[in-house]
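The first residue of the sequence shown is numbered 1, and numbering continues consecutively from there. In each ligand, atom 1 is the first atom listed, and ligand 1 is the first ligand listed.
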Amino acid sequence: TMGMFAWSTLEPDEGRFELDWLEDRINTLHDNGIHVILATPSGARPKWLSDRYPEVLRVDETRHRQLFGGRHNHCFSSPVYREKVRIINERLAQRFAKHPAVILWHLSNEYCGECHCEHCQQAFRDWLQRRYGSIDALNDAWCTTFWSHTYHSFAQVESPSSRGEHQMEGLLLDWKRFVTDQTIDFIKAEIAAVRPYHPSLPVTTNLMYSFDALNYFKLKDVVDIISWDTYPQWHKQAEIVTALDNGLQHDLMRSIKGTPFLMMESVTSATNWQGVSKLKKPNMNRLSTLQAIAHGSDAALFFQWRQSRGSVEKFHGAFVDHYGEQDTRVFDEATLLGAALQTLREVIGATVHAPVAVVYDWENDWAIGGSHGPRNNGMKYKDAVKKSYTALRKLGLDVDIIDMECDISKYRFVAAPMLYMLRNDFDTALRSYVSQGGLLALGYFSGIVDESDRCFQGGMPHNLMDVTGLRMTEIDGLFDHEHNKLCPVNGNSLRMHKHYRCDTLCALVKTSTATTLMTYGKDFYAGTPAFTQNNYGNGSAYYICADAEQDFYDDAYAAILGQADIHADLNIKLPEGVEMNTRHKEGVRYVFLQNFNTTPVQIDVPDGYETLLGSGGELGSFGTLVLKQS
Ligand code: GLA
């Protein structure tokens, strides 16, 4: 994949285009049987552009215009920037869209950032007008009478600023929504420039790890393929902990479109931008690359081919380092990895059929982050998502990560931690899901506010009190040094028998039809429900009242899913530190087993499976076994 930061070479001065060098390179690659993903260069603009048209430079939230430099420092609303991007994109498309080597457009690079210039202010006001129709509706949604902030026209609304309005939740949420929509509008303009020259050439854009600022689910129908850049810090903690964290991101990326994604960037060994540039130990590059394939990637690309001589990324890992030859540890390992990928060719296109899902919703994350209580020292939403995910992965299950706009009817179990905000009628979707036989694990601090962050009145979790068989009466924020515990009720239906620690938040509930499985062990609410179950229609809803430790999730989910006979296709007990993923294609099942331990584990090939990669028996440290069942 090439050309993402090549604008100043492609158009050294306004209107003077030099594309021959790029054609030479693409021809050379093509002659050697290598395909090309071609980038549009909008991620960093040439100096002449911002010198001649300063409006393309971003204005920050304090209303100061940025200087030239870095990358992604341009306004997505600027008509001039859009026009200049259109022109260079069209030039590239005219010349290369039909080149036989070119297989995919790579739009820009890691879109990010926001701008507060007058173009953006106006676009934001227009966006609000479309969303609310009238200023009264906006005032109502944002509860502006509080602190006397009532607006009389859309023209009065300004984007959030630390020098001005920076606390009004409705404004903050809508600004974040707008930033996503405006970025997408820019992406669509980039697509419109290249599309006409080869309408069936697909487009992608590379996304980032746990990136808060853009709601990536909104790209579902905008790009043809989801791709992302993954740079986990291996060897910092137990490898399986890093693997689960990275695996969650792979699963999130795959879930956006529900089709295979591309690992657009990773590194052969160390990056240079993390706090410590740790080398990947022998076999880690192979293991982490195959992890992407296991989770549904159809590609393994690396930044970068050759280490640059100078500038910001001169120490970033590459296939070919400054030495310039092939006889290096990294190159040897890359060669072996290439051979493994060849073996796995037939897996390309295989999909993942997850029986379970965990809800992670960007807008909910934004809302929790700005909720002003009940715990401004950290609500730990992402940690809560990760705990549910981890527990399911330990059972060897493939897991989709979904938001409140996804269809949940196909899953047998849905975990919805901290569903603070309810939007897009997700409460209704949950009701019908459970009544039709679904299993739901709803977390504390759920069903609290609507999409404008206005609290629901008449009881919480809103519209789910009959589904969960309880009402949350209060919620206790715990100091960092405090904790409570969950204690089993004798004879509970899940046979939970251990005590578990909980931190952060403890919801106090009053049950109506729910059965109490565990109670709190301490404080004035000792003995009141801490974990409950309620039958609703043909399904069942569990309510987890507090931020329980990982062991609780592991044991509770194992019990719930065990009772419902929900298990991975290959129903084995996974050794600790091993990940299992399954991909499906034309009736064939590919099971990936990966050992993230520093010691070997025993995995015997079950009846009905053959090995595609590796061999059964002892699976070495950082080893991968791929089984095939037809
Ligand atoms: C990102 C960028 C690349 C490069 C790498 C370095 O993912 O897209 O251009 O800067 O980081 O790790």
| message | I293 vs L341, test: side chain to side chain contact (heavy atoms under 4.5 Å, CB included). Steps then yes/no. | response | CA-CA 9 Å; I293 308 294; L341 291 169; 4.1 Å; yes

| request: Give the atoms of ligand 1, by number and element, whose distance to some non-hydrogen atom of F5 is under 4.0 Å. | output: 9 (O)

| N/O of E265 under 3.5 Å from N/O of ligand 1, yes or no? | yes

| request: Assign the ring pair F186 / F76 to parallel, tilted or perpendicular, where the plane angle (0 to 90°) is split at 30° and 60°. | output: tilted

| Ligand-residue contact atoms, ligand 1 with D229, heavy atoms, under 4.0 Å | 7 (O), 8 (O)

| query | In ligand 1, which numbered atoms sit nearer than 4.0 Å to a non-hydrogen atom of W273? | reply | 6 (C), 12 (O)

| remark: E110 heavy atoms within 4.0 Å reach ligand 1 at atoms 1 (C), 2 (C), 7 (O), 8 (O)

| Note: R82-E190 ion pair, threshold 4.0 Å (strictly below) | no

| task | Report, in ascending order of atom number, the atoms of ligand 1 lying under 4.0 Å from any heavy atom of N109. | result | 2 (C), 8 (O), 9 (O)

| request: Between H316, Q304, E313, flag the one that comes closest to atom 10 (O) of ligand 1 by a heavy atom. | output: E313

| Is the Y360-W362 ring centre distance short of 6.0 angstrom? | yes

| task | Do me a favour and list the nearest non-hydrogen protein atom to atom 9 (O) of ligand 1 with residue, atom name and distance? | result | R71 NH1, 3.3 Å

| query | What do you reckon, are the aromatic ring centroids of F596 and F622 less than 6.0 Å apart? | reply | no

| message | Determine whether the aromatic ring centres of residues H166 and W175 are separated by less than 6.0 angstrom. | response | no

